[in-house]
Structure formats: structure tokens, C-alpha cells
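Letters A, B, ... mirror the listed sequences (proteins, then strands); counts begin at 1.
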Number of protein chains: 2
Amino acid sequence: MTVQIDAMDRKILQQLQEDASQSLDDIARKVGSSKTPVWNRIRKMREGGVIGQQTVILDPDALGLEACFFVLVRTNAHEADWQKKFLKALRSRPEVLEAHRLAGEIDYILKVRVKNARAYDEFYQALIKEVAIYNVTALLSMEEIKNTTMLPLD
Amino acid sequence: MTVQIDAMDRKILQQLQEDASQSLDDIARKVGSSKTPVWNRIRKMREGGVIGQQTVILDPDALGLEACFFVLVRTNAHEADWQKKFLKALRSRPEVLEAHRLAGEIDYILKVRVKNARAYDEFYQALIKEVAIYNVTALLSMEEIKNTTMLPLD
DNA sequence: GCTGAAAGTAACCGGGG
DNA sequence: CCCCGGTTACTTTCAGC
């Protein structure tokens, strides 16, 4: 079912990750191929779900989203019902950019982008009102050292 | 210096976030404007750095990157020199997708994408060999509940 | 599976309202 | 500031090899 990815595919993906707006001609030249084969590979990888959404990266500060928190969540409710409600809450909130279920002591980690600490508290209050949570630790980011969507393809 | 963003700009950004490949005409229609003004706004926001890189989101599993770790780092070396070396190491490693300096007990958080636990260990060993670290906790992601680059624009 | 060309579509950039 | 139209450039498809 899964598409097989070879070295040429990876080169193409690398180019698309770096700049999805460049023309097929440019990509073909850079990867040492030509338009049609590159286009066919891209089409296949899109259909196979290897290539997903095409998007732009926006500057959060310019949009007034100056605060970023990582939230460590511990729960004692491990029932399927509770989990379902919790996941639904996370997915419906646009300020939650990322959410993972973890192995070990801590059950979930969230990455939350908001205007300021006040806005985080409003998010937090709304969340714990919606679903019971045993323990929460919020880590405030002081400096974003690195933030990339580019996966390592070598 | 910073570009002023109004409601129309936000609508345009929303469209670009959702699908950066759609045509100017489509965007213009959806936001209730027309080509020229939309194009001018996009150009301004690009120049102003509000709109950054245009990219594609790839499926990590399809590329064999099936493990995701969040790494909590505590240090006791708070000298500028150590920090410089540490940041350089993080930025140079492509498996580090995200790195933040934090306020509080924990000094740094990293998000690392690798093939498997073995590959994580290799990354970890290489990192602590390069720079001294007081304490490290690795949190293994079992399930990616949500992962988006879309900032909330309302 | 590549080449090259042909057709359709969109970006870009003027002059005018 | 926005509308419109022309030009250039790109994407997408397809017949031939």
C-alpha cells in the first residue's frame, strides 16, 4: 500500500520542503531530471499521501502570538470515554498546535501558541473545565531556537 | 517597521495557510475581493516577513521517521560560551525539528524526529559528547494527536 | 519511462479610473 | 486604492519513441 520512495523521490521532496513555490523546471534541473518524470513522481507521492498540505509559514510575532507554552499533562482517568473527550477538546482548539500521547509518567504533551500569559490562562481554565486533569505543568518558551517543518531526508 | 495586519489580511493568510497552491483568483473570491488588491497585500506581507517559507507537509511515517521524542534538558552550565555551542549543535542537526529555551526548572525542550529508538540514542550520545548536559529526560510520543503549522488568526 | 510539444491557466505588471 | 487587459511563464496532458 505504501509508496516506495527512492533517492530521486527524496531529492524532489527535499526541494519541495525547501521551497514549494519553485517551478517544475527548476526542481527538475536541480535534481538532475526533467519535467515529466518529476511531475509523475510528485503526483504519485501526493496520491500516496507522502506529500500532504501545501502551506506557508507565518511569523507568529507579527500576528500578535507572542507566547508559546509546552504543557505536560498527567491524568488519572484512563478510560476510553475520558480520552475521547480530551482529544476532541484538543483538536477543536486552534491554539493547540501540537498534541502527543506519551509513554511514561507524563501522559500528554501539548504545544500551545497564544497572545500572552493571560490568554494561556484562559485556555487552561477552559480546558480543565471541559475535562478533568490530574496534574499540569506549563513550560514557557523564552526563545525559539529552532522551529522547522523540514524532515531530514538523507 | 512592522506591517499592520487588518481583517482582510487575516482572511488572506488563513487561505494561504490552508492551501498555498490555490490561485489568486480563488483566494480573492473566497475573501470577497479581487486579484490586484489581494496580490498587493500578499506581496507586502512577504516583504514584511509576515509570510515566510512556502512548503509542503510530508508524512514522517512514509519516510521511515517513525519515532518522535520530546527532550527536556537541564544544564548547570549557564555561561554564554556553553550556550553558543549548544545552540549551534541543535541548529546543525536536522533531526531536531524544534528547540526552545525555557523559563524555570527545565532549561530547554527539543522535539526530535528519528527512525527509531536506536537512532534517538545515537543522536543523544552524539549530543552529550559535543556539549555537557546536567540532566536529560526523553519523552517518547506514542501517538501524534495533532500537529499543525496553522496559527489561529481570529 | 523519457522527450518534446501543445493547450490551458495563472502570475505579474503596466495604464487608466 | 482598485479594475482591467496584455504578456510572460508555468502547469498539465499527451502522442511518439
Comparing nearest nucleotides in DNA chain D, the 5'-proximal residue of the pair Asp26(A), Asn40(A) is Asp26(A)

Contact check, residues 12-25 of chain A vs DNA chain C, heavy-atom distance under 4.0 Å, returns none

When rounded to whole Å, the NZ to P distance for the pair Lys44(A) and dG1(C) reads 6 Å

Gln54(A) CD to dA10(C) C1', in whole Å, measures 14 Å

note: Ile42(B), atom CD1; dA11(C), atom P; distance rounded to Å ~ 9 Å

Atom CD1 of Ile27(B) and atom P of dC12(C) are separated, to the nearest Å, by 11 Å

Here the distance between atom C1' of dC1(D) and atom NZ of Lys35(B), to the nearest Å, is 17 Å

Phosphate-side-chain proximity, Trp39(A) and dT13(D), N/O vs OP1/OP2 below 4.0 Å
no

Ranking Thr36(A) and Ser33(B) by the position along DNA chain D of their nearest nucleotide, the one closer to 5' is Ser33(B)

_For a quick check under 3.5 Å, do Ser21(A) and Asp19(A) share a side-chain donor-acceptor pair by atom type?_
yes

For Asp6(A), is there any backbone N or O sitting under 3.5 Å from a side-chain donor or acceptor partner on Asp9(A)? yes

From CD of Gln4(A) across to P of dG1(C) the rounded distance in Å is 14 Å

Practice item. Flag the pair Phe86(A) / Tyr108(A) as yes when their ring centroid distance falls below 6.0 Å, and as no otherwise. Key: yes

Q.
Are Phe70(B) and His100(A), when compared by the centres of their aromatic rings, separated by less than 6.0 Å?
A. yes

